Amino acid sequence: MNKKLDRRKKYTRKVLMDSLITLLKIKSISAITVKEICERADINRSTFYSHYKDQFDLLAQIEEEIITELQMYLNQYNFEQEQEALQMTERLLEYVVSKYEVCQVLLNENADHTFERRVMHVARSFLIQSKFTHDDVDSDISEYVVTYYISGSIYVIKQWVANNMDQSPKQIAQLINSFRYKV
């Protein structure tokens with residue numbers, strides 16, 4: 001009985017998340033109502049409120065899930081080694097492919113940039129911990145080098161998503177990682 005309840009909760013959360021993502025394709029989060037989400041998901045509003053406070057909380061949960069999974073991927077690799085950095089980048093891009101619709105909505109030019117800033121913060125923290133910059137880069141400006149690299153990488157990914165992922169994750173990973181050695 002408990003497994004059935006867990007499956008129902010998972011299903012409910014998934015359809016609510018999917019409904020919000022679908023609505024975000026056509027309007028901003030502030031223009032979306034809980035009623036619209038529930039109608040699209042065919043879920044009762046009281047059920048919605050048993051899971052989330054409002055549409056902003058639902059969006060925050062979607063973003064948090066992606067951020068948590070992003071951190072998990074990052075922590076599996078040693079970014080200081082070129083081959084592992086390439087593998088990590090490719091796996092992250094494969095993850096983006098698996099979450100294409102969500103990433104397309106969260107990373108589009110008209111979206112709120114909160115998610116993008118959170119991704120930048122996670123990546124920046126990871127790169128600083130992994131001593132990303134080259135030995136010949138002055139420690140006073142290494143923070144700027146990391147910011148430059150992350151910003152460029154995120155915009156390459158945004159462009160790739162906007163272009164319906166017209167290149168393979170491997171090709172984009174190679175491109176992003178080639179920037180690392182030119183910085």
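Everything quoted here is computed from the prediction, not taken from an experiment. The analysis underlying the following values was restricted to heavy atoms, covering all of them including side chains, and did not include hydrogens, waters or symmetry mates.
Side-chain contact between I21 and L24: present, with at least one pair of heavy atoms (C-beta onward) separated by less than 4.5 Å. Side-chain atoms of H113 and E116, non-hydrogen and from C-beta on, do get closer than 4.5 Å to each other. Side-chain atoms of S46 and Y49, non-hydrogen and from C-beta on, never get closer than 4.5 Å to each other. A 4.5 Å side-chain heavy-atom check between M17 and Y52 finds at least one atom pair inside the cut-off. Counting heavy atoms from C-beta on, the side chains of V15 and D42 never come closer than 4.5 Å. Using a 4.5 Å cut-off on side-chain heavy atoms (C-beta onward), K99 and Y95 make contact. With a 4.5 Å cut-off on side-chain heavy atoms, I66 and R118 do not count as touching. Looking at L59 and T114, their side chains never come closer than 4.5 Å, going by heavy atoms from C-beta outward.
Taking CZ of R7 as the reference point, atom OG1 of T12 lies at 12.5 Å (rounded to 0.5 Å). We find the CE-CD1 distance between M165 and I157 to be 9.5 Å, quoted to the nearest 0.5 Å. Atom CD of residue E90 and atom CD1 of residue I176 lie 11.0 Å apart, to the nearest 0.5 angstrom. Residue M120 holds its CE atom at 11.0 Å from OG of S125, rounded to the nearest 0.5 Å. Distance check, rounded to the nearest 0.5 Å: CG of L106 to CD1 of I62 gives 7.0 Å. Taken to the nearest 0.5 Å, the CZ atom of R124 stands 8.5 Å off from the NE2 atom of H121.
Remark: the backbone N or O of T33 is paired with a side-chain donor or acceptor of E36 at under 3.5 angstrom. A donor-acceptor distance shorter than 3.5 angstrom exists from the side chain of D54 to the backbone of F56, with no hydrogens or angles considered. Of the possible donor and acceptor atoms, none in the side chain of T47 sits under 3.5 Å from a partner among the backbone N and O of I43. Distance alone, capped at 3.5 Å, is enough to place a donor-acceptor pair between the Q55 side chain and the I32 backbone. A donor-acceptor pair under 3.5 Å links the side-chain atoms of W160 to the main chain of Q167, judged by distance alone. Using modelled atom types, one side-chain atom of S19 and one backbone atom of A41 make a donor-acceptor pair closer than 3.5 Å.
Under the 6.0 Å cut-off for aromatic ring centres, Y144 and Y148 do not qualify, their centroids lying 6.0 Å or more apart.
A continuous path of Ile, Leu, Val, Met, Phe, Trp and Tyr side chains, each step under 4.5 Å between heavy atoms, connects L92 with V97, placing both in one hydrophobic cluster.
Other residues, nucleotides and ligands contribute more than 12 heavy atoms inside 6.0 Å of the NZ atom of K27.
When only modelled atom types and interatomic distance are considered, Q171 and S168 share a side-chain donor-acceptor pair under 3.5 Å. Remark: the N108 side chain and the Q104 side chain contain no N/O donor-acceptor pair separated by less than 3.5 Å.
Using a cut-off of 4.0 Å between Lys/Arg side-chain N and Asp/Glu carboxylate O, R13 and E65 are scored as not salt-bridged.
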(request) Step by step, work out the salt bridge (Lys or Arg N to Asp or Glu O under 4.0 Å) result for K10 and D6. (result) CA-CA 6 Å; K10 283 181 184 178; D6 287 345; over 6 Å; no
(request) Go through the steps to decide whether E39 and R45 satisfy the test salt bridge (Lys or Arg N to Asp or Glu O under 4.0 Å), and finish with yes or no. (result) CA-CA 9 Å; E39 285 174 355; R45 283 176 58 174; over 6 Å; no
(request) Apply side-chain contact (heavy atoms from CB on, under 4.5 Å) to the pair K53 and F48, showing each step before the final yes or no. (result) CA-CA 8 Å; K53 289 185 265 181; F48 177 93; over 6 Å; no
